[in-house]
Structures are given as C-alpha cells and as structure tokens.
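Working notes, structure below.
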Amino acid sequence: MSYSREVDKKWQKKWEESKLYKFDRDKLDKKLYCLEMFSYPSGAKLHVGHWYNFGLTDSWARMKRMQGYNVFHPQGFDAFGLPAENYAIKTGIHPMDSTMKNIETMKRQLKEMGATFDWDYEVITCAPEYYKWTQWIFLQLYKKGLAYRKNAPVNWCPSCKTVLANEQVVDGACERCHSEVTRKNLTQWFFKITEYAQELLDCLPALDWPEKTKKIQTNWIGRSEGAQIEFKVENGDKSSEEITFNVFTTRADTLYGVTYVVLAPEHELVDKITTPEYKDAVEEYRRQVNKVSEIDRLSTTREKTGVFTGAYAIHPLTGENVQIWIADYVLAGYGTGCVMAVPAHDERDYEFATKYGLDIIRVIKGKEGVDDTLPFVEDGILTNSQEFDGVSSEDARLKIVDKLSKQGKGELKVTYRLRDWLVSRQRYWGAPIPVVHCEKCGIVPVPEDQLPVELPYDVVFTPDGESPLAKCESFINTVCPTCKGPAKRDSDTLDTFVCSSWYFLRYPDNKNDKEAFNTEWINKILPVDKYVGGAEHAAMHLLYARFFTKALRDMGYLNFDEPFLSLIHQGTILGSDGQKMSKSRGNTVTPDEYINKYGSDVFRMYLAFGFAYIEGGPWSDDGIKAIDRFIGRINRVIEEVIAERGKSSSKNMGADEKELNFVRHNTIKSVTQDTDQFQFNTAIARLMELVNAIYKYDMKTDKNYDLMEETLKDLLKLLSPFAPHFTEEMWESMGEKYSIFNQNWPVYDEKALVKDEVEIAVQFNGQIRFRTNVPTDSDNKEIEDIVKNDPRSAQYLEGKNIVKVIVVKGRLVNIVVK
RNA sequence: GCUCGAGUGGUGGAACAGGCAGACACAACGGACUUAAAAUCCGUCGGACUAACCCUCCGUGCCGGUUCGAGUCCGGCCUCGAGCACCA
C-alpha cells in the first residue's frame with residue numbers, strides 16, 4: 001500500500017494494540033525521560049507549533065528508543081488558566097466543559113501524529129486528583145515558611161481583573177492581554193523564591209541549556225554585590241527613640257560624596273521622619289506619585305521629581321547632616337528602598353541634585369588621561385575622602401566598608417533583583433488555595449487529609465476584582481479545622497504556573513493517591529533528560545520549576561538539584577508571508593488539511609527538513625510537496641527491488657558498490673549525530689543523499705541486489721523516526737518482522753568510510769588552483785610529491801622558491817611560493 | 001543606555017575544531033519518456049568575463065587586522081532581533 005492517511009491509521013491501531021510504546025518500569029538502567037512542555041488546551045485544535053514541538057521531539061525519542069533506551073515519554077494538559085475562563089464569560093460554556101472537550105480533541109490529534117506518548121501516564125492539572133497535590137505542595141511550602149502572605153504593592157491587571165507576578169508583567173503591561181498594569185496595595189500569597197536566588201544562579205553553568213536562556217535567568221535574578229550602610233536620622237533633642245535606616249550601594253567608595261539621601265515615596269519611615277512643616281508637601285507628592293502609571297514611572301527619560309522631608313540623616317563617617325528626600329526614582333521593592341545620593345558620581349543623582357540645587361562633591365578622580373568631567377561614574381582614585389585619598393575605587397569599596405563594619409555601621413551585602421513570586425489570583429479557574437481564615441485562629445492550613453479543597457462547579461465567575469469564589473456561599477463558608485468555629489476559605493486560586501511547576505514530577509507516578517509522588521521511584525526516573533519547549537518560558541515556568549525542585553529537595557522529597565538537565569527551544573513557524581501566524585493576518589496553517597492530503601509523516605518530515613529546528617521560519621507549501629516526492633521516490637525504488645527479487649544478483653563489491661556502501665555508512669553516521677543534536681534538517685538532507693546514491697546505483701545494469709536491499713533496510717531504519725508510519729509499511733512490504741521500531745539503530749562501519757582515494761584541493765599561496773586525487777593512505781611527503789609533479793603545478797612553481805608546504809590530510813595542500 | 005544573538009545565491013537553509021563556501025531542497029531552465037499534459041527519470045543552476053567551454057577575477061552586511069589560509073578568530077562600524085533598563 002503506497003503511503004496515505006490509511007497507512008497512518010493502520011499502524012496507529014497496531015501500535016496501540018501491541019502496546020509498543022509502553023514504558024518498561026523494570027528496566028531503569030537505560031531510562032531516558034523525554035519531555036515536551038505540555039499543552040494548554042485553550043484552542044480546540046493542535047496548531048503547527050504543537051507538531052513542530054511534539055512531532056520532532058518524538059522523532060528524537062524514537063531514535064533513542066531504537067538505540068536501546070527505555071524512553072519515558074508522557075503527555076498531559078496544563079488545563080487551568082484564564083483563557084478557558086474568559087471563553088466561559090463570553091460564551092457561557094463552563095471552563096470545565098470546554099477544557100475537557102478541548103482535551104479530548106487534542107488527544108485524538110496527538111494520537112494522529114503517531115507519537116510514542118505513553119498515555120497511561122497522562123496528567124491533567126484541573127483534575128482534583130492532580131490539584132489535590134498542587135495544594136499539598138502549597139501546604140508543604142507554607143510549613144517550611146516558603147509560602148507566606150504579605151501586604152505589598154502588587155501588579156494589577158485591570159482587564160484580567162487579577163494580580164500578576166513580576167514575571168507576568170512585560171514593559172509595564174500584562175503579559176497575556178497587554179493592558180497597562182497598575183499598582184495596588186493588597187495582601188497576597190507569595191512563594192519565597194528569593195530564598196533560592198543564589199542557588200538558582202549557581203546551578204545554571206552546569207546545565208545543558210541554551211546560553212541565551214541561562215542569560216535571561218541570570219539577568220532576571222540580577223545579583224548585585226555591594227554594601228549596606230547604616231544612616232542615623234538626626235533628632236535634635238535626643239529625647240525620642242533613635243531611628244536608623246540602611247541604604248544599599250555598589251559604590252561604597254563614593255561614600256564621602258554623599259550630599260543627601262533618598263527614600264522611596266512608599267517607604268515606611270517617611271511618615272515617621274517627615275517634619276510637620278513639610279508634611280503637606282510630602283503628602284501631596286505621594287499622591288502625585290500614585291497617579292503616575294507604572295509605565296511612566298519606569299521611563300528613564302522622565303524628569304526626576306522629589307521633595308524634601310525636612311529631616312536630616314547623619315553621615316556615618318563625617319558626622320555631617322545630609323537632607324533626606326523622597327523621590328520616585330527610588331524603588332521601594334529593590335534593595336532597602338533607600339539610596340545614598342552621590343551626585344558627583346551617579347547620573348541620576350546628578351540630574352536630581354542639579355534640579356533641586358543640592359551639593360555636588362567630587363570624591364573620585366579619573367586615572368591618568370581619563371576625562372572625569374562630572375558626573376563621573378567610572379572607577380578612579382579617591383579624593384576628598386579623608387584617609388582614603390589616593391586609594392583606588394576597587395580597594396576603597398572594601399576598606400571603607402571595613403571601617404564601617406568596625407563601628408557596626410555597614411557590611412558587604414549581595415542584593416538580588418528577583419522578587420518573591422506572587423501566586424494568588426482573583427479568578428475562578430485555578431486550584432483553590434488550601435487555607436482557612438478564622439477570626440480566632442487566623443490563617444489555618446487545611447489538614448492534608450481534607451484535600452483536595454475542591455473547586456466548586458456552580459459559580460458565577462464574572463470577574464469584578466473580587467474573587468468569584470468569594471461569592472460562592474457553599475464554598476466560602478466552612479469551619480475552622482482548629483477551633484471548629486465558623487471560618488471562611490481563601491477565595492483566591494493559584495497561578496497556573498504553580499500547577500506546571502511540578503507536573504513533570506507527577507507523570508511517572510500519576511496514579512498515586514497516597515502521595516504527590518513516590519520519592520524513591522521519582523528519584524529513579526527524574527531528572528528529565530531532554531526537555532523541549534518554547535523560549536517564552538525562560539523567566540517564568542523554567543525558573544519556577546527549578547525553584548520547586550530545590551524546595552522539595554530540601555524538604556526531603558527529592559534527591560536531585562535540577563529538574564531539566566538538557567533543554568532545547570524549538571523555533572517559531574511563521575506564515576508563508578514571513579509574519580507571525582495569526583487569524584487576523586489570515587496566514588495560519590491548519591495541520592489537519594495537510595495531514596489529510598499528505599499524511600502525518602510527510603507533514604512531520606517537512607517540519608524536520610524545512611527549518612533549522614531552533615530557528616523556525618516561514619512555512620512553504622512547495623517544501624511539503626518536495627517531501628511528498630521524496631517519500632514517493634523511496635516507495636518506488638523499494639517496490640522495484642521487491643519486484644526484481646529472484647533475478648540474478650551480482651555479488652560484486654566493485655567501485656560502484658563501494659561508493660554506495662560509503663554513502664550508506666556515512667549516512668548512518670551523520671543521521672545519528674544530527675538527530676541527536678536536534679539538527680533534523682541536515683539529517684533528512686543526508687537521507688536524501690542516500691536515496692540519490694541508491695538511484696544512481698540503480699541505473700547500473702549488473703546490480704548487487706543484496707547490497708541494495710541491505711542499504712534500503714538501513715535507509716528505512718534511519719528514516720523511521722521521522723516517518724514512522726511509512727517506514728513501518730515499507731518494512732512490512734519487504735517481508736520483515738513487526739516492528740521496525742524493535743530493530744536496533746544501525747551502526748556505521750568505519751571501514752566502509754575509508755575510501756581508496758580522496759580528492760584534495762591544491763592551493764598556491766592560499767588560492768585554489770586545481771583538485772587532484774591522492775591515495776588515502778599516503779603520507780604528507782607523498783602527497784607533496786604527487787602535487788609537485790602534477791603538470792598543472794608547473795606554471796605556479798616556475799621561477800619561484802617553495803617557502804612552505806602545508807598538508808591538511810584528506811582536504812588540501814597549500815604550497816607557499818615566493 | 002547596557003548586555004547578548006544574528007546578517008551566506010532568486011528562496012528555505014548547509015559548512016566538524018581556521019582548511020575545497022553554497023550540502024540537501026525549492027523555484028527556474030534544458031533533455032528523456034508521452035499524441036499532449038501531469039507525474040517520473042537525467043542534467044544545468046552565486047556573479048563578472050566569454051558566442052560557448054576552459055581560464056581568470058569578484059563573492060558569506062561594511063571597513064580594517066591576524067594567518068600559508070577567514071563565513072568561522074580579533075578591532076571598529078551598519079542593520080535586524082532578543083534580554084535588562086532610574087536596580088542605586
């Protein structure tokens with residue numbers, strides 16, 4: 001049967017019946033955990049991106065399987081989240097219903113892809129059996145002090161009507177709907193990811209991850225080394241309590257240049273220190289700051305503003321009084337929320353001091369020849385700094401802090417840009433937060449034996465800023481587990497990123513109803529050996545999942561440090577116009593159409609061949625036709641060879657046979673290497689070369705059919721990861737035993753790769769003049785002689801002296817003449 | 001502004017670790033088969049020079065350098081993309 005949709009169906013059925021891809025739980029010495037980022041069932045159908053991600057990773061997994069690995073390759077659905085809820089608001093269809101329906105469709109399509117997924121290990125995050133354990137993890141984090149509630153200015157998306165994590169705010173706008181994010185003071189749940197900031201950084205270098213992704217995480221964590229320095233607030237009469245505050249600085253060397261200090265307008269000390277006569281001005285300023293949008297506040301081009309509080313701080317070394325200002329260029333959430341201002345050596349402070357007429361004192365001189373016009377922000381030599389005059393910036397940073405620390409006024413300090421992860425959401429479609437609020441007992445975690453806290457079905461989920469669950473009487477009212485008095489459940493749900501931060505731990509033990517996962521078992525299957533998914537998750541999912549892994553390890557539930565040893569991001573497939581695919585542009589590619597016309601294998605193989613995997617690129621209908629033709633070419637030559645069986649076959653291993661055999665083994669070598677590295681386009685190219693070589697050999701009259709058949713069988717095996725249905729069909733038609741996927745992956749023969757003669761390039765002074773054949777085993781001297789004696793060399797050697805001869809074995813000879 | 005990536009034929013894209021640039025395809029063109037077309041099979045295919053072939057010269061964003069030899073390494077630009085961005 002020539003390749004078609006029918007062939008796909010035939011083999012999908014057979015694979016399922018024979019349980020070909022079931023994971024062997026007993027053979028763990030060669031286990032390989034291959035994972036794609038699971039899909040979000042928002043749209044009803046798989047798009048090209050899914051195929052690109054899943055189909056090709058499956059090809060990789062198939063090769064690994066044939067190489068003898070026991071591949072664990074599960075699939076599941078990241079099923080909670082806003083799109084389903086928004087869809088429900090629009091259509092009235094309950095998120096649970098639409099989600100389950102989408103999952104059903106997507107699952108069917110995933111099966112049509114013909115992938116090796118073992119569906120026995122499926123995970124659906126919106127199922128109570130799953131989120132029970134999401135809640136359980138929440139409770140463990142809570143017990144460990146890694147989940148806590150605090151009142152803080154948080155990001156609020158007015159369109160999604162919920163708070164967002166920092167990672168979900170892009171350029172001051174909601175990552176999902178692009179509305180401008182506003183700031184609100186709210187009490188919310190946070191996960192203390194900052195506790196792991198240093199380890200999250202330290203483990204990055206050893207990971208086999210794209211450098212870019214590591215860079216994004218490094219930036220996001222934002223480690224900064226500096227010092228924390230204590231300032232006292234001046235209080236004239238000394239009767240009242242002493243107030244101090246700390247500033248964080250990376251430039252302790254400029255300490256003597258401090259002419260004022262600045263607090264963030266939100267800083268808690270502001271009310272305490274502001275003098276009565278400045279109270280109105282300060283209040284007015286804070287009101288203005290509140291009105292400024294987050295985007296404007298973050299703009300570096302905006303003119304700086306601020307007001308004097310009337311209070312003074314005492315410089316820790318000089319004892320002089322410096323003014324305390326508040327200004328919104330100081331951020332409440334970073335460092336200590338206060339800075340020491342050194343206008344001479346900081347552009348921001350310089351701009352501010354100039355505007356408000358504050359003193360500017362130079363304390364750093366440029367090294368010789370350096371233009372040190374103020375503001376001079378580079379390192380240099382200290383001046384106006386008492387005993388530190390003449391010391392370099394680098395040394396002074398340590399020495400000044402040393403002096404401060406002896407007086408208990410300062411210390412070296414590392415600060416991170418990373419903030420704690422805000423996890424509560426004022427929305428319906430998520431895992432309920434498993435705590436109870438009791439008037440008497442306060443926050444009480446739901447006892448583990450009462451999990452899951454089930455998400456009620458009948459809820460009015462129109463978002464209005466208040467959590468929909470708060471309005472669901474039957475849900476919200478409960479009894480306090482401690483005092484048995486009336487209490488209320490937490491009405492917020494967890495960010496969906498919480499669900500996806502541990503799904504890879506659940507897969508291997510998805511049916512466990514006693515625990516989230518069995519530690520002993522999970523330690524055998526994890527970590528994930530190969531993880532493949534989009535680059536957009538670099539600072540979110542991938543960071544959160546690492547944090548969860550480390551936290552669970554420290555609680556004794558795991559024994560490994562990192563969840564994903566090796567990571568690859570697939571590129572993006574664009575529309576044929578080179579633009580991002582979108583319905584509004586009308587350039588979307590619907591996989592189903594192509595599958596029906598060409599079959600799953602052709603579609604998958606085009607995705608493999610047409611793009612550099614990590615780059616992606618524009619879709620082309622012509623490209624897919626080329627693959628269809630390629631499949632046809634293979635089909636025809638196999639049919640022909642089968643038809644010729646029984647005819648006399650030469651046993652000859654002449655030059656043509658050797659050439660075919662060379663290409664065959666060279667193909668084995670390259671396809672193995674390329675596929676291993678996700679370079680599918682070149683792997684397919686090598687297979688095309690092999691087919692071309694077979695066709696060339698086929699033109700001969702006196703053929704060695706045995707060699708041809710062996711070569712074809714190798715071809716089928718090498719092609720099978722990319723065209724599983726087609727090759728299975730061809731394999732069967734050649735009379736071979738089911739299944740091709742139980743065959744060993746071919747191994748190349750080194751001897752076949754050694755040719756008798758090799759063509760090398762001959763250069764004179766680096767310019768290629770001609771090419772010539774030399775015996776492969778000849779040494780440098782022999783090669784040199786062959787080339788020198790070549791009549792074509794004469795014109796380049798005539799009247800010249802040979803200065804040098806460079807021989808690169810098997811490639812070229814370069815003769816330098818003068 | 002800072003920090004990374006990337007720029008290769010008409011197109012998608014190759015090129016191990018500094019060693020024959022353009023693999024493999026697409027498109028285009030030519031030939032075979034065919035009454036014809038499609039399909040298929042074979043071939044040509046960076047540019048300039050040339051009637052054509054050979055030869056020669058130019059050619060991996062631009063300018064310069066290192067080297068026997070540079071798409072690849074170094075310095076300086078240009079363009080595009082990404083990340084961070086008042087982070088003290």
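Every chain is numbered from 1 and lettered A, B, ... according to where its sequence line falls, protein lines coming before strand lines.
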Just to be sure I understand the rule, does [X] reach a base, reach only the sugar-phosphate, or reach nothing, if contact means heavy atoms closer than 4.0 Å?
X: A:V342; value: nothing
X: A:I768; value: sugar-phosphate
X: A:G616; value: sugar-phosphate
X: A:R223; value: nothing
X: A:T250; value: sugar-phosphate
X: A:R302; value: base
X: A:N814; value: base
X: A:D349; value: nothing

Under the 3.5 Å rule, do the base of [N] and the side chain of [X] count as making a donor-acceptor pair?
X: A:R811; N: B:C20; value: no
X: A:K304; N: B:C86; value: yes
X: A:R686; N: B:A23; value: yes

**Message:** Whether A:K304 and A:E351 form a salt bridge (side-chain N of Lys/Arg under 4.0 Å from carboxylate O of Asp/Glu) is what I want to check.
**Reply:** yes

**Message:** Whether A:D779 and A:K781 form a salt bridge (side-chain N of Lys/Arg under 4.0 Å from carboxylate O of Asp/Glu) is what I want to check.
**Reply:** no

Would you list the atom pairs, donor with acceptor, under 3.5 Å between side chains in residues 808-818 of chain A and any protein atom, with sequence neighbours excluded?
| from | atom 1 | to | atom 2 | distance (Å) |
| --- | --- | --- | --- | --- |
| A:N814 | OD1 | A:G766 | N | 3.0 |

**Request:** Name the pairing partner of B:C73, where a pair is Watson-Crick or G-U wobble with both distances under 3.5 Å, or state none.
**Result:** B:G65

**Message:** Which nucleotide, if any, forms a Watson-Crick or G-U wobble pair with B:A23, using both distances under 3.5 Å?
**Reply:** none

**Request:** Using atom CG of A:D577 as one end and atom P of B:G12 as the other, report the distance to the nearest whole Å.
**Result:** 13 Å

**Request:** Starting from the 5' end of RNA chain B, give me the residue, A:R633 or A:P618, whose nearest nucleotide shows up first.
**Result:** A:P618

**Item:** Whichever of A:I684 and A:G617 has its nearest RNA chain B nucleotide further upstream toward 5'
**Value:** A:G617

